[in-house]
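Scroll down for the structure; my scribbles are underneath it.
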Amino acid sequence: MSGRAIRVLNVAEKPSVAKSVAEILSGRGGGGMRVRDGRSRYNRVFEFEYMIRNQRCFMAMTSVTGHLMELDFEERYKKWHSCDPEALYQAPVRKFVPQDKLDIRRTLEEEARKCEWLVLWLDCDREGENIAYEVIEVCTSAKSNLNIYRAHFSALIEREIHEAAQNLVRPNKLFADAVDARQEIDLRIGASFTRFQTMLLKDAFIIDLGEERNLVLSYGPCQFPTLGFIVERYWEIQAHEPEEFWTVNCSHTSEEGTASFTWLRGHLFDYASAIVIYEMCTEEPTATVINVKNHEKFKYPPHPLNTIELQKRASRYYRMSSEHTMKVAEELYQAGFISYPRTETDNFSPNTDLAGIVRDQVEHPVWGPYAQRLLDPDARLWRNPSNGGHDDKAHPPIHPTKFSTGQSNWTQDHAKLYELVVRHFLACVSQPAVGAETTVEIDIAGEQFQANGRAIIAKNYLDVYRFDSWGGSLLPTYTVGQQFIPTSLTLDSGVTRPPPLLSEADLLSCMDKAGIGTDATMHDHIKKLLDRCYATKDANTRFSPTNLGEALVMGYDDMGYELWKPYLRSMMEADMRAVSMGTKTKSQVLEICLQQMKACFLDARTNKAKLLDAMQLFFQRSNRPQGGDVNQGAVVRPCGACCESDMALKRTPNGSLMVGCMSYPLCRNVVWLPGSISEASVTNNICPTCTPGPVFMIQFKFHRLEIPPNYDVDHLGCIGGCDTILRELTEMCGRGPRNSAGTGRGQGGRETPRSTTSGTHSRLLSCKNCNQPGHSFDDCPSRFVNPRMPQSTNSNNGRYSDQLPCRQCGGPCVQRTANTENNRGRKFYKCQSENCGFFIWEDNILDNATGQGVGRACGRGARTVTASRSGRGRGRARGQRSANSDGVTFVTATGEPVSGRCYICGDPSHFANTCPERVRVDA
DNA sequence: GCAAGGTC
């Protein structure tokens with residue numbers, strides 16, 4: 001038997017689990033435990049005695065609230081301009097306890113010091129195992145020689161919990177490693193792409209989101225595929241070409257009622273064939289019954305409810321957003337009315353007291369009588385719930401845990417969601433609905449038709465699950481061989497319809513199927529798309545991409561990347577499984593995955609013209625200077641002063657340029673650049689002479705009126721000391737801002753506002769492209785805005801006249817407006833010529849330059865049509881890498897091509913510094 | 001100002 005009691009610290013993933021486990025282990029329904037507050041107001045400490053394998057234990061049970069730690073870049077990489085986003089693939093990261101979790105850490109440290117064992121009661125999944133190691137790190141830092149165990153439990157029921165306590169195991173580092181890898185990959189990809197695309201696009205275009213906000217164009221491995229689903233469906237709809245089809249229908253009315261027969265061929269697209277068949281039928285219209293089938297059919301109740309189903313059904317039945325559903329469900333859970341709402345499980349464990357849950361509901365005025373019938377064995381309504389096949393081993397399916405007829409503090413949505421959970425549960429333990437179905441097949445002139453009828457024999461679960469319906473009408477009686485003359489026989493036409501926009505339920509299904517997000521985060525990803533203005537949701541909970549969302553996806557798609565598809569996430573998920581099973585190591589996965597993603601990032605940056613092109617389809621170019629975001633932060637050279645960091649090109653808040661050490665303020669090494677520079681961007685060219693290298697050369701552009709006339713405006717220079725031109729200009733024009741040259745301030749020091757002189761000059765200069773003052777050649781809007789381009793492709797108003805020549809027969813096509821349910825208000829053209837029948841939606845018309853009339857949007861499905869909607873060529877000078885005569889390519893830190901042309905001869909293929917006509921004056 | 005994952 002036991003000797004001295006050992007002290008055991010137990011930690012659960014959330015306060016509710018700590019309480020439940022403590023109640024079970026302390027016995028007497030929790031009567032044997034004491035409760036005291038911890039440092040955190042939510043995470044209390046429960047104390048009780050317990051025997052683990054004959055060892056007397058003094059148990060202290062507390063909790064965390066999910067992850068205790070966060071992963072982020074080290075301080076010097078946190079600022080957006082602190083480094084090139086490319087560096088985020090190598091930048092050091094650290095895991096730390098954030099401010100709002102410090103009190104939990106303190107509780108854990110204090111309790112750990114008093115204990116000899118640590119038992120981890122985290123959820124039994126990979127995230128839970130990772131949190132376990134976060135707890136271990138904190139606890140062992142306070143007490144290094146803890147004996148550490150893991151309790152494995154699959155449900156918060158007595159037998160499971162005692163078994164877990166008696167069969168403690170060691171934590172599984174592999175599971176935790178898998179999550180570590182996932183976190184690091186998500187962080188590096190997310191931060192690098194987000195910074196890159198935000199800095200590239202936000203100032204380059206006029207993106208009006210209707211409110212003042214600091215625009216962030218985020219990229220994430222979950223949010224983007226989610227957006228991808230929305231855009232893909234949208235493109236599918238746009239690419240849809242309606243096709244007219246023909247169908248023969250038949251009905252027969254007798255004393256018993258009317259039967260509607262549908263054609264077994266379905267429909268034919270060929271009018272001529274359809275009319276031949278139809279005429280055969282009308283010439284010999286006698287129908288002969290060739291088959292009558294009667295069979296019993298069941299409609300089964302749904303599986304037990306998990307989070308995704310709850311969200312989908314609340315969206316379908318109540319049009320509640322998934323995000324709102326989770327908020328309301330969380331509140332019902334907190335108040336004890338429903339079980340834990342974040343669960344994948346759709347299968348009740350055999351130990352669950354299902355009848356007890358039903359019994360709780362018998363007093364309810366609306367569904368109470370149904371619950372009563374369920375419990376009555378004579379009613380034969382009970383059926384054990386089906387198994388949906390998912391089990392997260394941590395939580396049961398969502399079910400009611402407390403009876404209520406509605407609380408005074410409930411909103412309508414609380415009542416509605418509670419009702420859904422209760423009715424769903426009652427339905428799950430009910431018999432399926434039973435129907436008698438009849439199928440009658442007839443033959444008219446060799447063509448077969450069919451009518452279906454259904455009589456409901458027993459509604460069973462449908463009595464309580466009012467959300468499901470199972471309609472059906474009775475058929476008159478027919479016998480095989482019976483003959484009749486149809487009451488009507490018609491040739492009807494129809495038009496194929498595109499699929500509908502994705503509903504919230506559809507979107508959740510897509511995400512679930514592709515493994516995007518978890519049950520606890522899927523609604524967050526959807527909400528993020530709305531918050532970022534990548535998508536909108538209409539009153540029917542259907543999603544459309546915004547211009548911004550579509551442009552981003554289009555840009556990456558045009559690059560040939562499937563960054564917006566779910567494959568990346570699936571691949572990562574497979575890698576995580578491999579790590580957790582030990583077939584790959586965390587470092588292998590991190591190395592390979594990050595290497596691939598970095599290559600992809602660099603490639604995307606090289607091809608960013610595609611992103612700019614796509615944006616340009618939807619947004620007007622802005623005249624805002626982009627230098628502030630685009631050029632800054634690029635590494636120029638290693639710092640020769642501290643020998644630890646790099647020096648990067650930066651612009652101070654007042655606009656002056658410098659190359660400063662990234663370790664500022666620890667290292668204050670700085671090279672100030674002349675005040676006469678208007679633009680500067682770091683190139684990939686390395687100076688052959690300066691050391692320590694590599695010293696990347698910088699492409700400068702000077703204000704014409706601020707430098708002597710014998711100097712070029714464009715100059716590829718080096719800050720390493722070898723560049724005479726730069727040195728001379730610095731001496732002549734002063735360092736840093738023009739009014740405060742040579743004051744010797746450190747970085748970030750207080751600086752005098754920039755003189756208005758240069759601003760005045762730039763206003764006086766005229767654009768070389770359009771001769772208008774107020775902007776430079778590079779910012780000239782008329783270089784980028786194609787006057788024929790619609791500002792928004794969502795509006796085609798006024799793009800076409802109301803009559804155009806038909807491409808098929810040359811006859812007149814007249815514009816009409818659809819008034820069908822799916823296309824109300826949508827304009828289309830229809831050929832007026834007899835026998836032509838040509839038809840096209842206005843928004844599918846190619847906006848081609850020749851304007852030769854309407855024609856079908858040709859090509860290979862959605863993407864071609866989308867690309868063709870722009871009706872524009874590619875191959876503008878800007879957006880392509882420009883090379884000078886030496887074949888040197890100029891790109892900036894974010895890969896921005898250096899635009900412009902030779903100042904001396906005007907040739908865009910080279911810059912003035914390599915112009916053959918250049919007369920050297922800097923002797 | 002960036003991700004996704006826990007959770008209050």
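Computed from heavy atoms alone, side chains included, the values below leave out hydrogens, waters and symmetry copies. A note on names: the letters A, B, ... follow the listed sequences, proteins ahead of strands, and every chain is numbered from 1.
Here Gly517(A) lies in heavy-atom contact (under 4.0 Å) with sugar-phosphate atoms only. Counting non-hydrogen atoms under 4.0 angstrom, Tyr219(A) reaches the backbone sugars and phosphates but no base. Using a 4.0 Å heavy-atom distance criterion, Asn130(A) is classed as making no nucleic acid contact. As judged by a 4.0 angstrom heavy-atom cut-off over every strand, Asp72(A) is placed among the base-contacting residues. Within 4.0 Å (heavy atoms only), Arg41(A) reaches no atom of the nucleic acid at all.
Every side chain to side chain contact (heavy atoms under 4.5 Å, CB included) that Cys222(A) has, sequence neighbours left out, goes to Ile516(A), His525(A), Arg569(A). Residues passing the ring-ring contact (aromatic ring centres under 6.0 Å, His included) test with Tyr418(A) are Trp410(A), sequence neighbours excluded.
Taking only side-chain atoms of Lys14(A), from C-beta outward, the nucleotide of dC2(B), dT7(B), dG5(B) with the closest atom is dT7(B). In the set dT7(B), dG1(B), dC2(B), dC2(B) carries the atom at the smallest distance from any side-chain atom of Ala191(A). Checking dC2(B), dA4(B), dG6(B) against the side-chain heavy atoms of Arg532(A) singles out dC2(B) as nearest. Closest to the Glu13(A) side chain, of the nucleotides dG6(B), dG1(B), dA3(B), is dG6(B). Side-chain atoms of Pro221(A) lie closest to dA3(B) of the nucleotides dG5(B), dA3(B), dG1(B).
For His525(A) and dG5(B), the shortest distance from a side-chain N or O to OP1 or OP2 is below 4.0 Å. Within the 4.0 Å cut-off from OP1 or OP2 of dA4(B), not a single side-chain nitrogen or oxygen of Thr518(A) is found. Remark: Ser218(A) is not in phosphate contact with dC2(B), judged by side-chain N or O atoms under 4.0 Å from OP1 or OP2. At the phosphate of dT7(B), OP1 or OP2 sits under 4.0 Å from a side-chain N or O atom of Arg342(A). Applying the 4.0 Å criterion to OP1 and OP2 of dA3(B), one finds that Gln183(A) has every side-chain N and O outside that range. Distances shown here put a side-chain N or O of Arg569(A) below 4.0 Å from the OP1 or OP2 atom of dG5(B). Side-chain nitrogen and oxygen atoms of Thr198(A) include none within less than 4.0 Å of the OP1 or OP2 phosphate oxygen of dC2(B). For dT7(B), the OP1/OP2 oxygens have no side-chain nitrogen or oxygen of Lys101(A) closer than 4.0 Å. Within the 4.0 Å cut-off from OP1 or OP2 of dG5(B), not a single side-chain nitrogen or oxygen of Arg126(A) is found.
In this structure, Glu86(A) places its CD atom 22 Å from P of dC2(B), rounding to the nearest Å. In this structure, Asp186(A) atom CG and dG6(B) atom P are separated by 11 Å, rounded to whole Å. Straight-line distance from the CE atom of Met326(A) to the P atom of dT7(B): 10 Å, rounded to whole Å. We find that CE of Met597(A) is positioned 14 Å from P of dA3(B), with the value rounded to whole Å. Taking atom CG of Asn214(A) as the reference point, atom P of dG1(B) lies 8 Å away to the nearest angstrom. The CE atom of Met576(A) sits 14 Å away from the C1' atom of dA3(B) (whole-angstrom rounding). One interatomic measurement links the two molecules: OH of Tyr77(A) to P of dG1(B), which rounds to 20 Å at whole-angstrom precision. Atom pair Phe193(A):CZ and dA4(B):P shows a separation of 13 Å (rounding to whole Å applied).
Comparing Asp524(A) and Trp80(A), the nucleotide of DNA chain B nearest to each residue sits closer to the 5' end for Trp80(A). With DNA chain B read from its 5' end, the first of the two nearest nucleotides for Leu71(A) and Asp100(A) is the one closest to Leu71(A).
Salt bridge annotation for Glu309(A)-Lys312(A): present, with a cationic side-chain nitrogen under 4.0 angstrom from a carboxylate oxygen. Salt-bridge formation is not detected for the pair Asp37(A)/Arg41(A): no Lys NZ or Arg NE/NH1/NH2 atom is positioned less than 4.0 Å from an Asp or Glu carboxylate oxygen. The pair Lys537(A)-Glu504(A) meets the salt-bridge criterion, with a side-chain N (NZ, NE, NH1 or NH2) lying under 4.0 Å from an Asp/Glu carboxylate O.
More than 12 heavy-atom neighbours from other residues, nucleotides or ligands sit within 6.0 angstrom of CD on Glu330(A).
Between the side chains of Ser404(A) and Gln407(A), at least one donor N or O lies within less than 3.5 Å of an accepting N or O.
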